[in-house]
Participant: 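Please see the structure below; I have some questions.
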Protein chains: 2
Amino acid sequence: MKPKPQSRRGDAFGPNSRTDARDRILEAAVNLFFEHGFVSTTIRQITTACGLTPGALYNHFKSKEELLLAIALDAQTRVWDCVSSAREAGGADPAAQLSNMVRAFVLFHLTHQRAALTASSEYRWLSGNDRKRNIANRRRLRSAFAEVVQSGVNAGVFESGLSPSQINIVVMSLLNMGIRAARWYEPGAAQSAEAVADLHAWMAVRIVSAGGAPPPTG
Amino acid sequence: MKPKPQSRRGDAFGPNSRTDARDRILEAAVNLFFEHGFVSTTIRQITTACGLTPGALYNHFKSKEELLLAIALDAQTRVWDCVSSAREAGGADPAAQLSNMVRAFVLFHLTHQRAALTASSEYRWLSGNDRKRNIANRRRLRSAFAEVVQSGVNAGVFESGLSPSQINIVVMSLLNMGIRAARWYEPGAAQSAEAVADLHAWMAVRIVSAGGAPPPTG
DNA sequence: ATTATAAATGAACGTTAGTTCATAGTTTGG
DNA sequence: CCAAACTATGAACTAACGTTCATTTATAAT
């Protein structure tokens with residue numbers, strides 16, 4: 001009786017201005033995925049949150065999973081870009097590279113908590129090739145970190161006792177602590193996102209730097 | 001037509017020996033929660049996995065949530081005991097205490113991957129007081145770690161520049177990397193659980209030990 | 001042996017999930 | 001100004017969910 005489709009471009013400004021429906025869906029979804037998890041979030045919650053009815057969502061995404069995929073791929077792409085340019089900004093010094101990368105990674109997770117955490121911890125609900133793609137992206141990121149640490153070890157600036165498999169574990173630990181920071185960090189807290197990111201970068205460099213107690217063998 | 005209730009004590013041995021139904025349910029549940037998550041695991045999956053029908057589960061647990069609670073509380077208790085005695089074994093030296101605690105924490109997560117990860121990352125599906133209890137247990141554990149780090153800072157054996165809020169972040173990072181290790185570690189891998197735990201303990205001590213670059217301010 | 005308790009069954013219940021679809025209104029392009 | 005392409009609606013569908021229950025069988029206690 002009262003279907004009132006909205007403009008695709010939206011009235012960019014004014015009291016009744018609305019953004020594109022697709023973007024509103026994505027924003028509502030990322031909020032709800034963060035809060036309740038992908039599985040527990042319903043299509044009806046998402047569409048209600050952005051003023052639509054369930055059927056309308058399927059004009060923009062062909063399934064709930066494709067919605068998750070869109071969010072996850074976008075966040076992964078942005079994390080990669082972010083970390084890549086941080087690496088380049090570190091010049092040829094492995095310590096500067098690693099520090100910059102960790103800082104950028106954590107800062108991204110603190111300033112885009114919802115999307116970053118969705119990409120990093122809801123990917124298990126993707127199936128088939130979507131999942132493979134997400135996993136491949138994650139592996140690529142880990143490899144970039146591992147490369148930098150290895151180069152530092154080779155250059156003698158990082159702890160020489162670290163074996164390649166230990167390096168992998170260290171890298172996974174660093175990434176996981178950054179990812180989980182997106183869960184516990186609260187934007188209004190005493191520590192700024194930059195301070196938290198700096199602390200993580202500091203921890204990373206501390207772990208791998210040469211000097212101090214050698215790593216355990218094995 | 002063929003209800004064949006089993007012995008509560010079970011025929012302890014022999015070809016048809018069966019353990020107590022409650023334990024079989026818990027074991028099936030912890031496996032499925034680990035693999036598919038709490039929300040996605042169905043009562044029917046659990047009961048099928050241990051040779052029961054859905055209704056039978058409710059003779060042992062009054063709801064799906066109570067099943068999760070039983071698993072989570074048990075694991076938390078065991079982690080606490082484990083970490084507490086590791087702390088005592090460290091004597092009065094904060095570095096030995098922290099190293100032992102991290103080692104014990106990680107080792108527990110690697111040898112009880114399913115239960116530990118369920119306790120640590122499915123607690124959000126508990127409601128009301130169950131959830132509060134879980135959160136309180138987690139906080140107690142964090143406090144124990146923070147106490148040790150703070151005592152090391154006070155004693156001058158750990159980095160003096162670390163503020164209390166930085167200590168909290170460091171502790172959360174340490175715990176999170178141990179927790180996540182339960183997800184990526186594969187028991188048959190090249191690295192033994194002990195070696196991985198040792199490496200984590202090494203990282204922890206490296207981060208907090210005095211000397212090296214001072215932590216960022218803020 | 002008899003009784004009381006515990007445990008398993010299989011069918012059912014009420015909900016709610018993701019998704020589809022005929023319909024109707026809106027926007028765009030020629 | 002008309003037609004084609006979009007987009008939102010609201011109702012419906014199927015499937016699966018957690019849970020309940022009357023009933024039946026096994027075990028434990030007296």
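Predicted model, so just to flag it, every value in this text is computed and none were measured.
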Participant: Can you tell me if CZ on A/Arg133 sees more than 12 non-hydrogen neighbours from other groups inside 6.0 Å?
Facilitator: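 No.
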
Participant: Can you give one letter per nucleotide of nucleotides 14-21 of chain C, going 5' to 3': B for a protein heavy atom under 4.0 Å from the base, S for sugar-phosphate only, - for none?
Facilitator: ---SBBB-

Participant: Quick one: does NZ or CZ of A/Arg114 land under 6.0 Å from the six-membered ring centre of A/Phe33, within 45 degrees of the ring axis?
Facilitator: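 Geometry flag: not set, cation outside 6.0 Å or 45°.
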
Participant: Is the ring pair B/Trp184/B/His200 parallel, tilted or perpendicular, if the boundaries are 30 and 60 degrees?
Facilitator: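 It falls in the parallel class, under 30°.
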
Participant: Name the orientation class of the two ring planes belonging to B/Phe108 and B/His112 (parallel below 30°, tilted from 30 to 60°, perpendicular beyond 60°).
Facilitator: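 Judged by the thresholds at 30° and 60°, the geometry between B/Phe108 and B/His112 is parallel.
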
Participant: What is the separation between atom CD on B/Glu66 and atom P on D/dG18, rounded to the nearest whole Å?
Facilitator: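 Checked: the CD to P distance equals 15 Å.
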
Participant: Would the distance check show the side chain of B/Gln166 and the main-chain N or O of B/Pro216 forming a donor-acceptor pair, the cut-off being under 3.5 Å?
Facilitator: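 Yes; at least one donor-acceptor contact below 3.5 Å.
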
Participant: Please state how far atom CG in B/Leu57 lies from atom P in C/dA6, giving the value in whole angstrom units.
Facilitator: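 Distance, rounded to whole Å: 18 Å.
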
Participant: Specify the separation, in whole Å, of atom CG of A/Asn59 and atom P of D/dG10.
Facilitator: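 Rounded to whole Å, this separation is 14 Å.
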
Participant: Taking the side chain from B/Tyr185 and the backbone from B/Ala193, do they hold a donor-acceptor pair closer than 3.5 Å?
Facilitator: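 At least one qualifying donor-acceptor pair exists.
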
Participant: Less than 4.0 angstrom between a side-chain N/O of B/His60 and OP1 or OP2 of C/dA8, yes or no?
Facilitator: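 Result: yes.
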
